[in-house]
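Below you'll find the structure, written out as structure tokens, and then a few comments.
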Protein chains: 2
Amino acid sequence: MRLVIARCSVDYVGRLTAHLPLATRLVLVKADGSVSVHADDRAYKPLNWMSPPCSLAEGTDEAGAILWTVTNKAGERLLISIAEVLHDSSHELGVDPGLVKDGVEAHLQELLAEQPHVLGDDGWRLVRREYATAIGPVDLLCRDSAGAAVAVEIKRRGEIDGVEQLTRYLELLNRDPLLAPVTGVFAAQEIKPQARVLAEDRGIRCVVVDYDALRGVDDAEARLF
Amino acid sequence: MRLVIARCSVDYVGRLTAHLPLATRLVLVKADGSVSVHADDRAYKPLNWMSPPCSLAEGTDEAGAILWTVTNKAGERLLISIAEVLHDSSHELGVDPGLVKDGVEAHLQELLAEQPHVLGDDGWRLVRREYATAIGPVDLLCRDSAGAAVAVEIKRRGEIDGVEQLTRYLELLNRDPLLAPVTGVFAAQEIKPQARVLAEDRGIRCVVVDYDALRGVDDAEARLF
DNA sequence: TTGTTGATTTCGGCA
DNA sequence: TGCCGAAGTCAACAA
């Protein structure tokens, strides 16, 4: 990653045409070849940029000033005319490790594992998270107040595939005499109408969970310790 | 603007929960108080960020390591745990004079308004841009060589909604005895196959316009004066 | 590869 | 101030 602070003017010709008058800005050249131009405001959006794949050529214009030309395959061009370089440094960062975001789904699972009563009543108990089956792990396996087994599939957005997935788990789990009869709960922040119809048609109960409320309860409990 | 290259791990708790394992990254602190964390790829979007208004506190965690805590009014928190600082520099940038940009759709409309023959033949005349109807303005209303009214919908990318929109306008315009019969032209830099099929099925003619060529003609004409 | 959809969307216009 | 729609949307995922 190369960081350049420079007085520069910038022109972009591509999907639109844009011009930045001469001013001091940060020019960020990343290892993937992308270039972005930042002002000292707007947290996240560059004033101008070129997404990879693209190539950067350093040269001079007719007047002898430094001119960076960034082009991509589509013929879009970002021209950075540099009047004065105030800082220029390069840094080896390496590849950023794997997954960036802890998705909501994992966190939802965690929260529901701590508060299974949200799925039924205060008598509900968690048996296991990621309960293993031959066709993959069930998100949660619980016991309801009556002691009956319940398989829970958790999604951020509940769509038809999630119902299908839970259906397959239920079919398998119900072959186990120690568990059967196993009922199903389909829990999501949002459940699509088609998914709900399919689920209910198969006797699977749908629960729309309130992520913020779950987290709130979680935080409140955490504060007790 | 402060540029810090550091080995760090990052946690964000706010609208969602996210975690970035220890790695070398760029931490960008802007004059508006915003903080963003960049990896060595993706021109546009940081891995994590906090938009202004927010406040940055530098401290140490229990283990004595450097811990930056960025918070905003909504209670969202960005925690940056710094294991090693590889670079740290600050720069005065001043206020950016701002971006001058030409939107494509508006510009396309302007160019086609100047060159309606592109949509038909040299006999075409523009009646009005943004021709008002009860359900919104039609981009262009023209008269063809035979004097018949033509409603023109302009998009950068022609998709189905654009065809639906034009269809609604045509239905309305055709109720006006001073205009009827009104035909339709769907003009875009790029027209999706599904949109084309729908349009042609409804008797709407599709015109793919060459933005650069239009602009070229425009520039050439401008040069005459 | 193409299309669809969500996003810590951001950003602007307009009522 | 809030809704609605576009964005050089970007980016992830499904078909």
Side-chain angles (χ1 to χ4, degrees), chain A residues 10-20 32 34-37 41-52 54 70-79 98-105 107 155-162 164-165 188-190 192 211-212 215, chain B residues 10-20 32 34-37 39 41-52 54 70-79 98-109 130 136-137 139 154-162 165 188-190 192-195 211-212:
Chain A
V10 182
D11 286 276
Y12 166 77
V13 180
R15 278 171 270 186
L16 56 70
T17 53
H19 173 75
L20 290 169
D32 63 359
S34 67
V35 178
S36 55
V37 180
D41 59 1
R42 271 166 274 207
Y44 120 23
K45 201 177 176 179
L47 291 167
N48 240 319
W49 70 95
M50 186 75 82
S51 297
C54 60
V70 188
T71 53
N72 71 5
K73 220 153 196 174
E76 299 171 31
R77 295 157 60 110
L78 184 67
L79 305 175
L99 244 295
V100 177
K101 284 180 203 169
D102 269 352
V104 171
E105 186 177 325
H107 200 212
K155 293 285 179 197
R156 191 163 58 80
R157 287 196 315 277
E159 297 180 22
I160 281 182
D161 349 359
E164 296 290 6
Q165 195 180 340
Q189 273 190 288
E190 178 202 347
K192 295 287 169 76
Y211 183 56
D212 292 327
R215 204 165 53 185
Chain B
V10 182
D11 286 275
Y12 167 76
V13 180
R15 277 170 272 187
L16 58 72
T17 307
H19 172 75
L20 292 169
D32 63 359
S34 66
V35 178
S36 54
V37 180
D41 62 359
R42 266 171 276 204
Y44 197 79
K45 212 176 177 182
L47 292 167
N48 236 318
W49 72 95
M50 185 76 81
S51 297
C54 61
V70 187
T71 52
N72 70 5
K73 222 152 194 173
E76 299 172 32
R77 296 156 60 106
L78 185 67
L79 305 174
L99 179 71
V100 183
K101 92 178 169 185
D102 282 333
V104 168
E105 186 177 325
H107 200 207
L108 265 182
Q109 191 193 103
E130 304 284 351
D139 288 334
I154 302 168
K155 292 286 177 198
R156 190 166 63 76
R157 286 198 316 269
E159 297 181 20
I160 281 182
D161 336 357
Q165 195 180 340
Q189 272 189 290
E190 178 201 350
K192 296 288 169 75
Q194 290 182 338
Y211 183 56
D212 292 326

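Chain naming here is simple, since letters A, B, ... match the order of the sequence lines and numbering starts at 1 in each. Reckoned from all heavy atoms, side chains included, excluding hydrogens, waters and symmetry mates. Computed from a prediction, not measured in an experiment: that's the story for all the values here.
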pair A:Y12-A:H19: side-chain heavy atoms closer than 4.5 Å: no
d(OH, B:Y12; P, C:dA7) in whole Å: 13 Å
Contact pattern, 5' to 3', of nucleotides 10-15 of chain D - B, S or - by protein heavy atom under 4.0 Å: SSS---
For B:D32, all residues meeting side chain to side chain donor-acceptor pair (under 3.5 Å), sequence neighbours excluded: B:S34
For the student: nearest non-hydrogen atoms of A:M50 and A:E76, plus distance: CE-O, 3.3 Å
Between C:dT8 (P) and B:K73 (NZ): distance, integer Å: 24 Å
Distance, rounded to the nearest Å, where A:L47 contributes CG and C:dC11 contributes C1': 14 Å
Heavy-atom check, side chain of A:L78 versus side chain of A:N48, under 4.5 Å: yes
Whole-angstrom distance between C:dT4 and C:dT8, as gauged at atom P: 22 Å
Whole-Å distance separating the CD atom of A:E76 from the C1' atom of D:dA7: 14 Å
Test salt bridge (charged side-chain N to carboxylate O under 4.0 Å, His left out) applied to A:E159 - qualifying residues, sequence neighbours left out: A:R157, A:K192
Nearest-angstrom distance from the residue atom CG of A:D41 to C1' of C:dT10: 13 Å
Whole-Å gap separating C1' (C:dT10) and CE (B:M50): 17 Å
B:D32 CG - C:dC11 C1' separation (whole Å): 15 Å
A:L20 CG to A:L79 CG distance, which is reported to the nearest 0.5 Å: 11.5 Å
Rounded C1' spacing from D:dG8 to C:dC14 in Å: 24 Å
A:R156 vs C:dA7: side-chain N/O to OP1/OP2 distance below 4.0 Å: yes
